[in-house]
There are 2 protein chains.
Amino acid sequence: MQSVNRALLLVNKAAGAAPDGLSLNQAAEALGVAKSTAFNLLKTLVAHGFLREERPGPRYFLGMSLMRLGDLVGQQLPVAEISRPLLRELTVATGLTARVAVVDDGCPVFLERVDGPGMVRFHTPLGCREAPHASAAGKAILATYDERRVREICQAEGLVAHTRSTITDVEALLADLERTREQGFAIDDEEEAEGVFCVGAAFLDHQNRCLGALSVTGIRAEVPAWRVLHIGQLVREYADRLTREMRGQSAELPPQSLGAHSRRGDGR
Amino acid sequence: MQSVNRALLLVNKAAGAAPDGLSLNQAAEALGVAKSTAFNLLKTLVAHGFLREERPGPRYFLGMSLMRLGDLVGQQLPVAEISRPLLRELTVATGLTARVAVVDDGCPVFLERVDGPGMVRFHTPLGCREAPHASAAGKAILATYDERRVREICQAEGLVAHTRSTITDVEALLADLERTREQGFAIDDEEEAEGVFCVGAAFLDHQNRCLGALSVTGIRAEVPAWRVLHIGQLVREYADRLTREMRGQSAELPPQSLGAHSRRGDGR
DNA sequence: CATAGCGTTCGACTATAGCGAACATGCTGG
DNA sequence: CCAGCATGTTCGCTATAGTCGAACGCTATG
């Protein structure tokens, strides 16, 4: 499946090549193929709207089809649709950027975001994976797993340090997860990026397996110590609401009170 | 480029196959190829995250990469980023769903949307093309072109009727466009969908060529006759603001007052 | 327990995608 | 204004890589 591989790689290249786009020669060189080969690939991708050809001196950018398809991903996952109004409320209530992620192999993948009102914008593309051990959403997810599974994931992903505060030791991480379970929400205190503070909480499916997490993100200064508890409880509360609403739609289970702190899932 | 073609077709199939996803056999049949061929294609797409494989009984859905890439499209087009706060304001001011489209071969392609507060949700996927003759955004765009180009586009697209009110006659369309130019905004009065009312206005680049259009959408009942003028002027005003802000960023041209009704471009 | 339907693997054949060289085009600098 | 270069585009040959079909294993169902 060589040609398909190359085509898809090209799309990724075009994604990285902002804001000037990709030229034919760049494409050919990036793939290590002849110019004519890259030429054909590019034309095919353009024909399907996966790339956009901007003249003159053809430069290639991501195409409109990707936007349409990207939008559809969210619609295939019911989570995004349902969580949107909750994110909006959460943003208003906290003044922070609120996001929702689904879990993919233990990592949070962010589906949807509602930016806060502040000056600061965070570089948080939709659809991106974040590290499980260094993000509030990730730790909220891990906290629903049992120790064995957490160790597996840590092994697979590796506890790479993003900042000085990143937890790089498995035992320390397990302790942090225990605290997360106790208080009902996870905290990322500059563990993913310097100066950035996040709070996250997991939501569950009808079998109490973790589906994903809500989180709010702000700069450290926006979140003084005395606000943390309040924000944490708010995020927890909204995550529970999301759990209930997801159940309400996909299965007709009764809203069965979740209990304030009953997310002690077994992770499988 | 047969295999790439087939792969990209599969992605589109998977997009349409909501909410149950695509099975191997469906995929093979849809393409008219052997099962093993479809199998390889699917696996390759999954490896790149363009599709997601859900077990058991492997079903294929759109993958997370598409979401990430779709999000990036917007970032490569400066329009989406800049228009977002304007859309938000416009939604608040009108109580309607506000959207922004860029022009692609005369058709509006919608980049970004901010839903209104009402109960009604519109089925308006991002990245989708709409008919130029039957949407407010489309007519706002066409109104910036000269007669020859409008006729060309009509020829190419065909004036298909979506509802009883759709304009299917070129002369009538040209008259409507003239009115649009006079009042500064375009109106779609149930021409695209029954019961749906839209108002749109074009925004321009630094050479006064049409870049795209803003529009607001509501159900007919939300937009009584006496509100139309006010809403129209509002949309016109925001489109002009967008024009100015786009110029402010990409080129350092002075904000040069646009004049209330100076969008009489020549369309090329 | 049998069977039908699906996903998955394998090897052979041939169409197809890849290469390289030649041709076109559009800019830059002399 | 022309020459030269860099870039995009086309074409034919060749071998590779993608396609097919058939065989296998699994699960789900009557």
Side-chain angles (χ1 to χ4, degrees), chain A residues 1-63 65 76 104-105 207 251 268, chain B residues 1-63 76 104-105 207 209 251 268:
Chain A
M1 236 65 233
Q2 181 185 74
S3 61
V4 178
N5 254 298
R6 288 170 172 174
L8 302 185
L9 285 173
L10 266 190
V11 175
N12 278 317
K13 285 287 168 199
D20 292 327
L22 213 62
S23 74
L24 173 61
N25 280 331
Q26 287 173 327
E29 190 168 6
L31 293 180
V33 298
K35 279 193 303 180
S36 52
T37 302
F39 181 75
N40 287 323
L41 289 168
L42 288 169
K43 288 296 181 189
T44 308
L45 287 164
V46 168
H48 286 261
F50 277 65
L51 293 182
R52 190 164 49 89
E53 186 182 80
E54 193 119 326
R55 305 208 157 249
R59 312 238 113 207
Y60 295 91
F61 299 85
L62 297 179
S65 291
Q76 291 194 0
D104 179 29
D105 256 331
Q207 291 168 61
R268 187 153 297 260
Chain B
M1 236 65 230
Q2 184 184 73
S3 59
V4 177
N5 254 296
R6 288 170 171 174
L8 302 185
L9 284 174
L10 266 191
V11 175
N12 277 319
K13 285 287 167 199
D20 292 327
L22 212 61
S23 74
L24 174 60
N25 278 331
Q26 287 174 328
E29 188 168 4
L31 292 180
V33 299
K35 280 194 301 183
S36 50
T37 302
F39 182 76
N40 287 323
L41 290 168
L42 288 169
K43 288 295 182 190
T44 308
L45 287 165
V46 168
H48 285 262
F50 277 64
L51 293 182
R52 191 165 48 89
E53 186 181 81
E54 193 121 325
R55 303 209 158 250
R59 312 239 113 207
Y60 295 90
F61 299 86
L62 297 179
Q76 291 193 0
D104 179 30
D105 254 330
Q207 291 168 62
R209 288 174 312 187
R268 185 152 292 264

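First the proteins, then the strands, lettered A, B, ... as listed; each starts at 1.
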*Asks:* What does nucleotides 14-22 of chain D look like as a protein-contact string, B for base, S for sugar-phosphate only, - for none, at under 4.0 angstrom between heavy atoms?
*Replies:* ---SSBBB-
*Asks:* When rounded to the nearest 0.5 angstrom, what distance separates CD in Gln26(A) from CZ in Arg59(A)?
*Replies:*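 With rounding to 0.5 Å, CD (Gln26(A)) is 5.0 Å from CZ (Arg59(A)).
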*Asks:* Quick one, Asn40(B) and Val4(A) - any side-chain contact, counting heavy atoms below 4.5 Å?
*Replies:*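 Not in contact.
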*Asks:* In sequence, state the C-alpha distance, the side-chain angles, and the governing distance for Arg52(B) and Asp104(A), and then conclude on side chain to side chain contact (heavy atoms under 4.5 Å, CB included).
*Replies:* CA-CA 10 Å; Arg52(B) 191 165 48 89; Asp104(A) 179 29; over 6 Å; no
*Asks:* Return yes if some donor-acceptor pair links the side-chain N/O of Gln76(A) with the main-chain N/O of Leu62(B) below 3.5 Å, else return no.
*Replies:*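 Yes, Gln76(A) side chain to Leu62(B) backbone: donor-acceptor pair under 3.5 Å.
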*Asks:* Are Tyr60(A) and Leu45(A) close enough that some pair of their side-chain heavy atoms sits under 4.5 Å apart?
*Replies:*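 SC-SC contact between Tyr60(A) and Leu45(A) ruled out.
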*Asks:* In Å, rounded to the nearest 0.5 Å, how long is the span from CG of Leu22(B) to CG of Leu51(B)?
*Replies:*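 Spacing of CG (Leu22(B)) from CG (Leu51(B)) equals 8.0 Å.
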*Asks:* How many angstroms lie between atom NE2 of His48(B) and atom CG of Asn12(A), to the nearest 0.5 angstrom?
*Replies:*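 So the NE2 of His48(B) and the CG of Asn12(A) are separated by 8.0 Å.
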*Asks:* Side chains of Met1(B) and Ser3(A): does their closest heavy-atom pair fall under 4.5 Å?
*Replies:*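 Contact flag for Met1(B)/Ser3(A) side chains = yes.
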*Asks:* On DNA chain C, reading 5' to 3', which nucleotide is the first and which the last to sit with an atom under 4.0 Å from a heavy atom of chain A, could you check?
*Replies:*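 Footprint of chain A along DNA chain C, 5' to 3': dG18(C) to dG20(C).
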*Asks:* Report yes if some heavy atom in the side chain of Leu41(B) is under 4.5 Å from a heavy atom in the side chain of Leu31(B); otherwise report no.
*Replies:*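 Yes, their side chains come closer than 4.5 Å.
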*Asks:* Once side chain to side chain contact (heavy atoms under 4.5 Å, CB included) is applied, do any residues pair with Ala28(B), and if so which ones, sequence neighbours excluded?
*Replies:*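 Checked Ala28(B) against side chain to side chain contact (heavy atoms under 4.5 Å, CB included); matches are Lys35(B), Ala38(B).
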*Asks:* How far apart are the C-alpha atoms of Leu10(B) and Arg6(B), what are their side-chain angles, what is the distance that settles it, and do they pass the side chain to side chain contact (heavy atoms under 4.5 Å, CB included) test?
*Replies:* CA-CA 6 Å; Leu10(B) 266 191; Arg6(B) 288 170 171 174; 6.0 Å; no
*Asks:* Whole angstroms only, please: what is the CG-P distance between Asn25(A) and dT9(D)?
*Replies:*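 Asn25(A) atom CG is separated from dT9(D) atom P by 11 Å.
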*Asks:* At how many degrees, to 10°, do the end axes of the helix from dC1(C)-dG30(D) to dG30(C)-dC1(D) meet when each uses five pairs?
*Replies:*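 Here the local axes at opposite ends form an angle of 40°.
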*Asks:* Taking only residues two or more places apart in sequence, or in another chain, which ones meet Ala47(A) in a side chain to side chain contact (heavy atoms under 4.5 Å, CB included)?
*Replies:*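 If we apply the side chain to side chain contact (heavy atoms under 4.5 Å, CB included) test to Ala47(A), skipping adjacent residues, there are no hits.
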*Asks:* Could you write nucleotides 25-30 of chain D as a row of B, S and -, 5' to 3', where a protein heavy atom under 4.0 Å of any base atom gives B, of only sugar-phosphate atoms gives S, and otherwise -?
*Replies:* ------
